[in-house]
Each structure stands twice: as structure tokens, then as C-alpha cells.
Amino acid sequence: MSHINKPAPGVDQFYPLNEPSIGSPFPKSTHPQNAQVPILFQPITLRGVTFKNRIFVAPMCQYSAVDGHLTDWHLVHIGGFASRGVGAICMEASAVVPEGRISPEDAGLWDDSHIPSFQRIVNFAHGQGTLIGVQLAHAGRKASTYSPWVHSDIARTRSAPTHTVQKDEGGWPDGVYGPTELPFSNTYPKPKPMSEQDLLYVEDAFVKAIERCKVIGFDFIEIHAAHGYLLHEFVSPLSNARSDQYGGQSLENRLRWPLRVVSRCRAAWDKPLFVRISATDWAEGPERGPDGEWKQWGIEQSKVYGGELQKLDIDLLHCSSGGNWERQQIELKPGYQVPFADALKKAYPTLPIGAVGLITDPVVAESYLREGKTDVIFLARTLMRNPHWAMYAAETLGVAVKAANQYERAFVELATPAKLAIKK
């Protein structure tokens with residue numbers, strides 16, 4: 001028997017092969033403590049693609065791209081997650097057209113020149129045995145705005161008088177589009193109402209971006225329909241008061257164009273397709289008035305939306321909230337968005353659901369899965385604070401999982417079979 005450092009297959013550099021893959025439980029035949037593996041570390045299969053565990057990295061805008069092209073920052077940022085045990089990574093919102101960026105420094109997939117910088121990161125993730133996808137997006141009326149730290153510092157000792165990036169700063173304030181002329185706030189650009197031609201242009205851009213995703217080698221795609229960006233703007237009565245077939249009080253009208261976009265994306269993409277929605281606008285008052293008039297976007301309309309998305313054969317509904325109302329009032333607490341995920345799961349038991357939002361405790365995350373409130377746990381800031389959260393979760397839940405070969409020395413106790421466990 002030869003003793004060699006085996007390479008990971010199918011990638012263009014040498015990466016030591018991890019067996020089993022990073023973040024996967026060891027077999028119970030060698031590790032008795034894995035006789036009952038927590039759901040968080042059980043695989044899930046979507047459209048024939050098996051994700052090794054239920055810990056998914058949520059998209060996180062980094063505001064660090066150059067004309068949509070990724071840099072080494074993105075390689076290190078994403079690569080750190082790929083080598084530390086998560087089941088999947090969804091890369092940040094990537095604009096399908098240049099004017100669809102949130103900020104001038106957003107990632108993009110509107111041009112073939114963007115392909116190589118994404119391929120490099122996908123290749124690395126695959127070398128670590130980690131599945132990776134991307135979120136395709138259009139910022140709508142919230143485009144041409146400053147990166148967060150450009151607008152203000154975290155301590156609020158300085159703040160720009162506006163969120164709008166002007167032309168001489170690299171912005172496109174006169175090229176911002178939305179359902180109507182209504183801006184997000186008086187410090188944001190005033191959008192131009194989208195014509196039928198504009199709608200078709202954006203639809204086509206999503207499909208063209210998907211063709212680039214195929215070349216890049218992504219394992220899944222998420223459509224960004226949340227957080228007050230273009231697709232969310234169309235579904236909410238707070239941002240869509242159009243008088244045509246795409247807006248107004250009629251929920252069917254407001255859903256019409258976003259569903260058309262998703263339908264075309266589904267037709268163009270044969271791997272798993274996720275859609276991220278905001279389940280509520282968090283505006284004051286009820287979702288619907290006593291007279292039956294829709295006042296804001298909320299969970300009842302989200303249930304209808306989820307049902308229509310399931311009919312389009314999406315593979316996972318990623319449930320977030322907010323971002324469409326300047327004066328939103330959110331009671332931030334651990335798992336604050338999970339009740340929305342739970343409501344959608346109860347409404348559509350066969351539709352895989354992803355929960356996100358201030359989920360930090362592995363025991364609590366496992367309880368959400370065990371109680372059937374969600375099928376997947378998406379994490380973002382938790383992983384920024386602790387990229388090894390998957391290893392921490394495994395230790396907390398008492399399951400032995402594989403660390404990266406290069407990091408195993410830091411997780412000896414975690415990987416040791418129970419019968420040989422090292423005493424602390």
C-alpha cells in the first residue's frame with residue numbers, strides 16, 4: 001500500500017484530499033459517539049446535489065470588487081469558510097447589470113470578464129470538498145449608494161449627508177430604476193419607473209448571468225428577492241403602486257414580474273435554485289387593513305409567494321426579512337426571523353426552507369431543525385466572528401467531524417473516537 005498525500009480531484013491546483021470531507025461526521029463504525037448524528041450535521045439532497053451538512057454560509061456583501069471583478073479579499077473571505085466545515089457557501093449579491101449594483105464596489109456577473117475571478121474561488125472551494133453558489137441580484141431603487149463604511153463609521157462619529165453616490169464618485173444616480181418613481185428615502189436616488197422593455201432587459205440579464213455561472217462551475221444559484229432590492233420592491237405595496245399589470249393592490253399583479261424572472265431562471269438552470277425573500281417589511285401597523293387593503297408586505301402574502309415559487313420548482317426558499325421600509329422597527333433577538341421560516345414550512349411542508357438571522361447557539365440551531373421549523377441554517381455574522389463555528393457546533397453537540405487536514409492538530413479531541421477519548 002502506497003502512502004501518499006492524495007490530491008483533491010477535479011481542481012487545477014494541489015489541495016490535499018480530505019476523507020471524509022471537511023465538516024462531515026466520521027462513520028459510527030470508528031466513532032461510537034456518532035451513532036446518532038445531529039440533524040445539523042446530516043446531509044441534505046436538493047435536485048440530486050448532496051450538501052454534506054445543514055450549515056450554509058449566507059451571502060455577505062463585501063463592497064470590495066473592482067468594476068464587478070472579485071479580488072484576493074474575496075478568495076480569502078470565502079476560502080476561509082470553505083476550509084472550515086460548512087455545508088455550502090452562497091457568495092455575495094452579484095449584480096446582473098452594472099446599474100444593478102448596490103454600491104460601485106459590488107460584485108458583478110454582467111460580463112464575461114468576471115468569470116475568471118469567480119472561477120478561482122469556486123476551484124478553491126471545490127478543492128476543499130465544499131459546495132458553492134452565488135446570489136444573483138439587482139438593487140433596484142437602492143442602487144448607486146455608498147458602501148457602509150464610506151457613508152458612516154460604525155461609531156457614528158461621521159456620516160455623509162446622503163446615501164447617493166454621485167457620478168463624479170463612480171455612481172449612476174440618473175440610471176437607477178424601480179417599480180415607480182418612489183425612492184427608498186429622501187437620501188437615496190430617485191428611480192425611473194421600469195418600462196416593459198426595462199423589465200425584459202433585466203430578465204435577459206439574469207439568464208445571461210446564469211450562463212456565466214455554468215462556465216464558472218457553481219453548484220447552485222440563489223435569486224435575491226429580499227431586503228428592499230428590485231424583486232422585493234415589486235412585491236411590496238409600500239414600494240409598488242403601479243397602475244398596470246405589474247403593481248397596485250392586486251397581489252397577483254405585484255407577484256407577476258418577480259415570478260416571471262424566477263421562471264426564466266429555473267428554465268435556464270438545471271442545478272439547485274434558491275430564492276431569498278423578505279417575509280415582512282416590518283412597517284408600522286398590520287399587513288392588511290380591515291377594509292382588505294394591503295398595507296405592507298408580510299407573512300400572509302409571503303405564503304402565497306412561497307406557493308407560487310414552489311409551483312415554479314425552486315429547490316429552497318431562504319427566509320429573511322426587512323430592508324424595504326426606511327422606518328422599519330425590528331425587535332432584534334436570537335432567531336427573530338425563524339417564526340417566518342416556520343410559518344412557511346408549515347404552509348409548504350415539502351418545500352425546503354432556510355432560516356437566517358441572529359442564530360448563534362448550536363443547540364438552538366439544532367432545535368429549529370429537530371422541530372421542523374427549517375431544513376437549513378444560514379449563518380453570516382456568526383461565521384465572521386468565528387469561521388470555525390461548524391467545529392464549535394460539532395463539539396457542542398457531541399459529534400465527531402472531520403477538520404481540514406492542515407487544521408486537525410487543533411481539533412484532536414473532536415476527532416478522537418469516544419473509546420479513545422482524551423481526558424481533559
Cut-off 3.5 Å, no hydrogens considered: what does the side-chain donor-acceptor table look like for residues 34-51, sequence neighbours left out?
{"residue": "Asn34", "atom": "OD1", "partner": "Ala400", "partner atom": "N", "Å": "2.9"}
{"residue": "Asn34", "atom": "ND2", "partner": "Phe26", "partner atom": "O", "Å": "2.8"}
{"residue": "Asn34", "atom": "ND2", "partner": "Ala400", "partner atom": "O", "Å": "2.9"}
{"residue": "Gln42", "atom": "NE2", "partner": "Val37", "partner atom": "O", "Å": "2.8"}
{"residue": "Thr45", "atom": "OG1", "partner": "Thr50", "partner atom": "OG1", "Å": "2.8"}
{"residue": "Arg47", "atom": "NE", "partner": "Asp315", "partner atom": "OD1", "Å": "3.0"}
{"residue": "Arg47", "atom": "NE", "partner": "Asp315", "partner atom": "OD2", "Å": "3.0"}
{"residue": "Arg47", "atom": "NH2", "partner": "Asp313", "partner atom": "O", "Å": "2.9"}
{"residue": "Arg47", "atom": "NH2", "partner": "Asp313", "partner atom": "OD1", "Å": "3.3"}
{"residue": "Arg47", "atom": "NH2", "partner": "Asp313", "partner atom": "OD2", "Å": "2.7"}
{"residue": "Arg47", "atom": "NH2", "partner": "Asp315", "partner atom": "OD1", "Å": "3.4"}

Do Trp389 and Phe56 have ring centres separated by under 6.0 Å? no
Ignoring hydrogens and geometry beyond distance, is a side-chain donor-acceptor pair present between Glu105 and Ser147 at under 3.5 Å? yes
Using a distance-only test with no angle check, is there a side-chain donor-acceptor pair under 3.5 angstrom linking Gln337 and Ser321? yes
Donor-acceptor pair, side chain of Asn18 and main chain of Ile22, under 3.5 angstrom: no
Reported NE2-to-CG distance for the pair His126 and Leu131, which is rounded to 0.5 angstrom: 6.0 Å
If you compare all heavy atoms of Leu109 against all heavy atoms of Arg212, which two are closest, and at what distance to 0.1 Å? O-NH1, 3.0 Å
Return yes if a side-chain donor-acceptor contact under 3.5 Å exists between Ser21 and Gln128, otherwise no. no
Tell me yes or no: between the side chains of Glu203 and Trp257, is some donor less than 3.5 Å from an acceptor? yes
Stepwise, does the ring-ring contact (aromatic ring centres under 6.0 Å, His included) test hold for Trp110 with Tyr201? CA-CA 12 Å; Trp110 67 80; Tyr201 160 70; over 10 Å; no
Show your working on ring-ring contact (aromatic ring centres under 6.0 Å, His included) between Tyr146 and Tyr63 and close with a plain yes or no. CA-CA 9 Å; Tyr146 291 119; Tyr63 309 101; over 10 Å; no
With a 6.0 Å cut-off on the ring centroids, do Trp297 and Tyr305 count as close? yes
What I want to check is whether the side chains of Glu326 and Tyr188 have a donor and an acceptor closer together than 3.5 Å. no
Contacts of Asp67 that satisfy side-chain contact (heavy atoms from CB on, under 4.5 Å) - sequence neighbours left out: His69
Pair Asp375 + Lys345, salt bridge at N-O below 4.0 Å: yes
Taking all non-hydrogen atoms of both residues, which atom of Arg101 and which atom of Trp172 are closest, and how far apart? O-CZ2, 3.2 Å
Side-chain heavy-atom pair Thr145, Pro189 within 4.5 angstrom cut-off: yes
Does atom CZ of Arg381 have more than 12 heavy-atom neighbours from other groups under 6.0 Å away? no
If you look at every heavy atom in His138 and Tyr229, which pair is closest and at what distance? O-CB, 3.4 Å
Please tell me if the side chains of Cys90 and Phe220 come closer than 4.5 Å, counting only heavy atoms from C-beta onward. yes
Could you name each residue pair satisfying side chain to side chain donor-acceptor pair (under 3.5 Å) that touches residues 269-279, not counting sequence neighbours? Arg276-His318
Ile78 and Ile121 have their tightest heavy-atom pair at CG2-CG2, 3.6 Å
Side chains of Ser320 and His227: any donor to acceptor distance under 3.5 Å? yes
Does a side-chain heavy-atom distance below 4.5 Å link Ile210 with Cys265? yes
Stepwise, does the salt bridge (Lys or Arg N to Asp or Glu O under 4.0 Å) test hold for Lys208 with Glu211? CA-CA 5 Å; Lys208 290 175 183 176; Glu211 293 305 312; over 6 Å; no
Side-chain heavy atoms of Val261 within contact of Arg266, under 4.5 Å: no
With salt bridge (Lys or Arg N to Asp or Glu O under 4.0 Å) as the criterion, how do Glu408 and Lys402 come out once you've worked through the C-alpha distance, each side chain's angles and the decisive distance to 0.1 Å? CA-CA 8 Å; Glu408 275 187 323; Lys402 179 74 171 68; 3.1 Å; yes
Does the side-chain hydrogen bond (donor to acceptor under 3.5 Å, both in side chains) test come out yes or no for Arg254 and Gln301, once each step is laid out? CA-CA 10 Å; Arg254 284 183 278 116; Gln301 292 163 97; 2.9 Å; yes
Using a cut-off of 6.0 Å, state whether more than 12 heavy atoms not belonging to Arg409 lie near its atom CZ. no
Please lay out, stage by stage, how Met60 and Phe81 fare under the test side-chain contact (heavy atoms from CB on, under 4.5 Å). CA-CA 12 Å; Met60 291 177 263; Phe81 301 133; 3.6 Å; yes
So Leu397 and Val363, do their side chains get closer than 4.5 Å, heavy atoms only? yes
Pairwise side-chain contact, Leu199 with Arg260, heavy-atom cut-off 4.5 Å (strictly under): yes
Are Trp73 and Gln62 linked by a side-chain donor-acceptor pair shorter than 3.5 Å? yes
Verify the ring-centre separation between Phe234 and Tyr246: is it less than 6.0 angstrom? no
If you compare all heavy atoms of Gly178 against all heavy atoms of Leu230, which two are closest, and at what distance to 0.1 Å? CA-CD1, 4.2 Å
With a 6.0 Å cut-off (strictly less than), is the heavy-atom count around NZ of Lys190, excluding the residue itself, greater than 12? no
For side-chain hydrogen bond (donor to acceptor under 3.5 Å, both in side chains), just list the numbers for Lys52 and Thr130, CA-CA rounded to whole Å, side-chain angles, deciding distance to a tenth of an Å, and then say yes or no. CA-CA 8 Å; Lys52 58 190 173 187; Thr130 302; 3.2 Å; yes
Between Ile277 and Val275, does a side-chain contact (heavy atoms from CB on, under 4.5 Å) hold up when you go through it step by step? CA-CA 6 Å; Ile277 68 167; Val275 177; 4.0 Å; yes
Centroid separation under 6.0 Å, is that true for the rings of His388 and Tyr407? yes
Using distance alone, with no hydrogens and no angle criterion, decide if Asn324 and Arg141 have a side-chain donor and acceptor under 3.5 Å apart. yes
Might you work through the side-chain contact (heavy atoms from CB on, under 4.5 Å) test for Ile102 and Lys142, ending with a clear yes or no? CA-CA 6 Å; Ile102 304 166; Lys142 294 174 75 174; 5.6 Å; no
Indicate yes or no: at least one non-hydrogen side-chain atom of Val364 is less than 4.5 angstrom from one of Ile359. no
CD (Glu196) with more than 12 external heavy atoms under 6.0 Å: yes
Give a yes or no on whether a salt bridge exists between Arg120 and Asp12, defined as a side-chain N under 4.0 angstrom from a carboxylate O. no
Under 4.0 Å between a side-chain nitrogen and a carboxylate oxygen: does that hold for Asp204 and Arg264? yes
Enclosure of Lys6 NZ (heavy-atom neighbours >12, cutoff 6.0 Å): no
With a 3.5 Å distance limit and no angle check, can you tell me whether His31 reaches the backbone of Lys28 through a side-chain donor-acceptor pair? no
Flag if over 12 foreign heavy atoms under 6.0 Å of CD1, Ile154: no
Decide yes or no for Pro352 and Val376: does some side-chain heavy atom of the first lie under 4.5 Å from some side-chain heavy atom of the second? no
Ignoring hydrogens, what is the shortest heavy-atom contact between Thr71 and Val66? Give both atom names and the distance. CG2-CG2, 4.2 Å
